Amino acid sequence: MSNLSIPGSQSTPTIEAGWDSGVLSMHGDSYPENSFELFGKVIRWVEQFLSATTLPFRLELHLLYLNTSSIKALMDILDLLEDAHHAGREVSVNWYYDQGNERVAQVAEEFKEDFSFAFSIIGKAR
Amino acid sequence: MKSDDQDFEQHIKRLLADPSYRDHPLYIALACLWQQHREQLTRLERITSLSDAYQALARTRELSLSERFDKQVRQLEKVVRISDRYQEMMRDLNLALKEASTHDPLTGLANRRLLLDRLKEETERYTRNGHTFVLAMLDVDYFKQVNDKHGHDVGDKVLQAIARTMQAELREYDVCGRWGGEEFLFLLPETSLPAALAVIARVHQGIRELAVRNGDAAITVTCSIGVAEHRADESFADTLNRADAALLDAKRDGRDRMHSE
């Protein structure tokens, strides 16, 4: 299967997914004009990866601002991970934030709520 | 099936099986009726089982739909909550950006951009209802010497102290901002020149009485002020220029004084 590489823009995050590494990363702000088109690809990739392989999966997030449809898309991905986790799959999320911006950590905490897989919120020094 | 029904069925079956009734005129009628009864019973059982299966299917479907619905509702609530958080963040950021774009970070006073906005507003107010306003340009005397002698940190402290004094002495509706370096601008709305001069004299005196401590030394400063009242058929830039000219006069006359045009 193929890797996923979507270059970022001012309103969309840089998205990279490696089939061999099992890592999906997203960097930047996300308020795309068409979130469903952008994240549809990502969600399909995650679904395929989870069903076609048995490798551990890790989501690496360096996200700042998300508009509502991006929040929904990310939640859909996290729901997929929760289902996979219940099915015995090894999945994890690392959410990185700038220590000068504590409020991003608070939002990450809100995302983390209700999920039972490994979800780390990691502060980085500026 | 009830035992009465079973007894009855057995009875009919026995009658039909008994060869001695074969030639009885009612035998064929009973045999037909029995056959019809059996077929109807089979049909009824089939309908019942179909209907049961359908109901079970509908029930499962309803359960899975309601499960999915509950999940969607939970997700929606979470999305809404997080979205509200982001909006709060953006709102606070907007406020901070607005504050940063309109205020001087060192003194917290209005910056040049905000002063220009207020100047435009006051000029428009004057055009509408003829309420005049007064501008005063203040420059700290020999401020470079404070910086040279005590360092920029102390110079900054002096500017902050001057800013506090100005805010304390001016009236609530007066606007005061940092025009640049050690130059400050006051805008006194709906005020005549004599009334404005009295307020500005208070600021002048307040700054004269300031003593900013630096170790054992107490730093004192004076300032020069040029004042101009806005006139009919004049742009605020013209008024500013006249206040600037008056400030220059005050400097030439030996500083630590105010001049008005």
Side-chain angles (χ1 to χ4, degrees), chain A residues 10-13 26 28-32 35-36 38-39 43 46 59 61-87 93 95 97-117 119 121 123, chain B residues 56-114 117 151-153 155-157 159-160 163 178:
Chain A
Q10 197 186 359
S11 60
T12 57
M26 300 198 240
D29 284 324
S30 181
Y31 48 101
S35 305
F36 298 101
L38 175 69
F39 287 108
I43 291 170
V46 174
L59 179 60
L61 300 173
H62 305 255
L63 295 171
L64 291 170
Y65 176 70
L66 301 181
N67 69 358
T68 307
S69 53
S70 303
I71 297 169
K72 161 88 173 106
L74 180 55
M75 203 76 87
D76 285 341
I77 294 173
L78 295 173
D79 280 341
L80 285 176
L81 300 192
E82 180 73 7
D83 290 345
H85 172 68
H86 281 294
V93 174
W95 189 310
Y97 71 96
D98 184 335
Q99 273 172 350
N101 200 348
E102 214 36 63
R103 299 185 77 168
V104 172
Q106 288 169 9
V107 174
E109 285 288 349
E110 294 257 12
F111 270 102
K112 180 181 173 175
E113 220 172 83
D114 310 328
F115 291 122
S116 55
F117 51 82
F119 194 130
I121 299 164
Chain B
L57 197 73
R59 175 96 184 111
T60 318
R61 199 174 134 76
E62 191 187 295
L63 279 176
S64 96
L65 270 179
S66 107
E67 204 174 288
R68 268 161 51 199
F69 178 76
D70 287 347
K71 196 175 166 184
Q72 291 285 321
V73 168
R74 274 201 305 277
Q75 200 203 50
L76 180 67
E77 282 169 355
K78 200 165 163 181
V79 168
V80 168
R81 207 166 55 231
I82 292 173
S83 185
D84 280 356
R85 278 249 185 202
Y86 275 115
Q87 280 182 45
E88 244 171 67
M89 268 164 70
M90 292 300 262
R91 205 180 151 270
D92 290 350
L93 194 62
N94 256 336
L95 287 176
L97 280 175
K98 193 179 172 198
E99 173 75 17
S101 71
T102 54
H103 288 79
D104 167 50
L106 178 70
T107 60
L109 296 178
N111 66 9
R112 204 173 173 124
R113 181 202 303 265
L114 181 55
D117 281 350
H152 282 274
D153 288 356
D156 284 352
K157 271 187 206 155
L159 289 178
Q160 287 169 331
R178 190 168 176 202

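Proteins get letters first, then strands, A, B, ... in listed order; numbering begins at 1 in each. Remember, predicted model here, so these are calculated numbers, not experimental data. Values reported hereafter were calculated over all heavy atoms of this structure, with side chains retained and with hydrogens, waters and symmetry mates removed.
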task: State whether A:Glu113 and B:Arg81 are salt-bridged, where the test is any N-O pair (Lys NZ or Arg NE/NH1/NH2 against Asp/Glu carboxylate O) under 4.0 Å.
output: yes
task: Taking only Lys NZ, Arg NE, NH1 and NH2, and the carboxylate oxygens of Asp or Glu, determine whether B:Arg74 and A:Asp114 approach each other closer than 4.0 Å.
output: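 No, B:Arg74 and A:Asp114 are not salt-bridged.
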Which pair of non-hydrogen atoms, one from [X] and one from [Y], has the smallest distance, and what is that distance?
X: A:Leu64; Y: B:Tyr86; value: O-CE2, 3.1 Å
X: B:Met90; Y: A:Tyr65; value: CG-CE1, 3.6 Å
X: A:Phe111; Y: B:Lys78; value: O-NZ, 2.8 Å
X: B:Ser83; Y: A:Thr68; value: OG-OG1, 2.7 Å

Taking side chain as everything from C-beta outward and backbone as N, CA, C, O, which of these in [X] sits under 4.5 Å from a heavy atom of chain B? Side chain, backbone, both or neither.
X: A:Leu74; answer: neither
X: A:Asp76; answer: both
X: A:Leu78; answer: neither

- prompt: How about A:Lys72 and B:Gln75: do any of their side-chain heavy atoms sit closer than 4.5 Å?
  reply: yes
- request: Calculate, to the nearest 0.5 Å, the distance between atoms CD and CZ belonging to A:Glu110 and B:Arg85 respectively.
  value: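 Rounded to the nearest 0.5 Å, the CD-CZ separation comes out at 4.5 Å.
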